[in-house]
Amino acid sequence: MLAEIHRLIDVAQDWLWTYVNIGLLVGCAIFFTFRMRGIQFRLFGDMVRQMFRSGSVSGEPSGKKQISSFQAFIVALASRIGTGNLAGVATAISVGGPGAIFWMWLMALLGAATAFVESTLAQLYKRRTGAGYYGGPAYYMRHGLHRRWMGVIFSVLMIITFGFANNAMQSNTIALACLQAFDIPLEWMGIVLCLLTMAVIFGGIQRIAHVSSAVVPVMAVAYLVITLYVMVTNYALVPSVLQLIVENAFGMSQVAGGTLGTIVMMGIKRGLFSNEAGEGSAPNAAATAEVTHPVKQGLVQALGVFVDTLVVCSCTAFLILCSGVDYRASNGIQLTQNALVAEIGTWGNYVIALMIWMFAFSTIIANCYYGETNLLFFTKNKGALFIYRIIAAAFVMGGTLMTLDFAWSMIDLCMALITICNLIAIVWLYPKVHYLVADFMAQRAERRDPVFRRSQMPDIEKDLEAWD
């Protein structure tokens, strides 16, 4: 029975990715990049500056419960930097070859524009509560498109994708890494992860933001130092690795062998799983930030795509390809572990296990919040929230016992469905973003700190709750 379900899920996700999602993702990324004249490149400096500003007029969030621009960036980065950066990159190389990395890079460069659009819309249509702000695609579908049914579909998919399926994938990777490094039984690691997840998510977005702000920068810097050490010690191989990636991405042997399509698909699929540009997840974190103009947080979230794919994913790719291990002999996190062991000895197993533990656990708690935000779209009942948190924690525990192939198939299907829904919405609402960018640039040209008020858009003023 499970084998048949796995087969059906695999067929469905393969069809959607082959005939629908790749075209939509690439098309939207190119469209937004050209329409905004490469905003992700020309305003790169603003992205970096804004990341370190809270965005409020006073320079600090207006209340203790507010989430700063940097904290919202970190929560989104916590979701982005996870198994996709270590296990996902390894899977892309194992299945699609080194050329898949090139397509991950390309999608990050173009997809940052898509990330900017969706996060700017999340800020524009965010809602306010006594505990701060919340929002995301379901909310701009309801209040921007006035299509509540569309928001309902997205919310259900979001809860299933991030609250349940994605977290099962994260815990699966943690468990496999710890099994190989420390010989910890899968079921015991599942119990530990379940309990730790509940301890954090029952504290709400403030606790999630604080935990993420403490864990994510430390783990990212530590991983970068380790992988940069490998690259420096193998500096002579770096040019040949770059050549291998590019040649494999466009090589005649791949075209002749009929594998070019697989390379492109794996690069885009694993790239989306890693940086989430266009998927509709990061906007849920972007909406929580207190900023004076929606474009500010859009720029910050676009920067997250660059950090995730061009920096962290690239480090994993160079680690694997410089190590000389046979990238077709293993898959997922175990390939990354084997590569580091080949470079620094057996304790590389322990290093990667620790890294993936921190990466994936921070992703789990961020994903749980994404699910909560979309549950609020249906109900604010505390009992429903309690039940959701228990089910989410149960999926974390259950994910440790899944097979790797089944976990990836489930994730790919969920990503395909949720991405289609979100891309349709942001293309529909793009004119609002176009106005906001023009307003932001005009105020910036006057050397003013851009500030937005809902009275500037009288045609939709009633829909903008948080911009008095």
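Just so it is clear, the structure is predicted and the values come from calculations on it, not from any experiment.
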Please report the closest heavy-atom contact between P137 and N284, naming both atoms and the distance.
CD-ND2, 3.8 Å

Quick one: does V291's side chain get under 4.5 Å of Q50's, heavy atoms only?
yes

Counting only N and O atoms by type, is there a donor-acceptor contact under 3.5 Å from the side chain of S155 to the main-chain atoms of V152?
no

Pair Y134, E372 - check side chain to side chain contact (heavy atoms under 4.5 Å, CB included), show working.
CA-CA 10 Å; Y134 66 95; E372 284 188 20; over 6 Å; no

Anything under 30° is parallel, anything over 60° is perpendicular, the rest tilted; go ahead and classify F306 against F41.
parallel

Given 3.5 Å as the limit, does a donor-acceptor pair link the side chain of Q123 with the main chain of A289, or not?
yes

So, T233 side chain and V230 main chain: donor-acceptor pair closer than 3.5 Å or not?
yes

Closest approach of Q301 and A282, non-hydrogen atoms and distance?
NE2-CB, 4.2 Å

Value for SG (C28) from CG (N422), rounded to nearest 0.5 Å, stands at 9.0 Å

Would I418 and F154 satisfy side chain to side chain contact (heavy atoms under 4.5 Å, CB included), going step by step from the backbone distance to the final call?
CA-CA 6 Å; I418 203 169; F154 182 87; 3.5 Å; yes

Separation between CG (L423) and CD (E118), nearest 0.5 Å, reads 8.0 Å

Over 60° means perpendicular and under 30° means parallel, so classify the ring planes of F32 and Y430, tilted if in between.
tilted

Under the criterion side-chain hydrogen bond (donor to acceptor under 3.5 Å, both in side chains), which of T197, N167, T161 is the partner of N367?
N167

So does A287 get a backbone contact from the side chain of Q297, meaning a donor-acceptor N/O pair under 3.5 Å?
no

Quick one: are V241 and F318 in side-chain contact, heavy atoms under 4.5 Å?
yes

CD1/I184 to CG/L179 distance, rounded to the nearest 0.5 angstrom?
9.0 Å

Close side-chain approach of C194 to M198, heavy-atom, < 4.5 Å:
yes

Heavy-atom nearest pair, G371 first then I159, reads O-CG1, 3.6 Å

Given side chains that start at C-beta, do those of Y369 and T373 come closer than 4.5 Å, heavy atoms only?
yes

Go through the steps for T173 and M169 under the test side chain to side chain contact (heavy atoms under 4.5 Å, CB included), then give the verdict.
CA-CA 6 Å; T173 304; M169 179 70 246; 3.2 Å; yes

When every non-hydrogen atom of F116 is compared with those of L299, the smallest separation belongs to CD1-N, 3.5 Å

Where do K296 and F440 land on the side chain to side chain contact (heavy atoms under 4.5 Å, CB included) test, with the steps shown first?
CA-CA 9 Å; K296 290 182 176 181; F440 179 86; 3.9 Å; yes

Are M36 and V117 side-chain neighbours, meaning at least one heavy-atom pair lies under 4.5 Å?
yes

In Å and rounded to the nearest 0.5 Å, what is the CD to CG distance from E279 to L417?
11.0 Å

With Y370, which of F162, Y388, F377 fulfils ring pair (Phe, Tyr, Trp, His ring centres under 6.0 Å)?
F162

Any side-chain heavy atom of M107 within less than 4.5 Å of one from V26?
yes

Let me confirm one number: the CG-CD1 distance from L321 to I93, rounded to the nearest 0.5 Å.
4.5 Å

What one should report as the nearest heavy-atom pair of M47 and V300 is O-CG2, 4.3 Å

Of all heavy-atom pairs linking T114 and G278, the shortest is CG2-CA, 3.5 Å

Rounded at 0.5 Å granularity, tell me how far OG1 in T120 sits from CD1 in I426.
10.0 Å

Backbone N or O of L224 within a donor-acceptor pair of the T227 side chain at under 3.5 Å?
yes

For this output row, return yes or no: ring centroids of F395 and F164 closer than 6.0 angstrom.
yes

Side-chain touch M397/I191, heavy atoms, less than 4.5 angstrom
yes

Side-chain contact test, heavy atoms from C-beta onward, threshold under 4.5 Å: evaluate it for W105 versus L310 and give yes or no.
yes

Return the orientation label for the F182 and Y350 ring planes: parallel under 30°, perpendicular over 60°, tilted otherwise.
parallel

Does R42, at its CZ atom, have more than 12 non-hydrogen atoms belonging to other residues, nucleotides or ligands within less than 6.0 Å?
yes

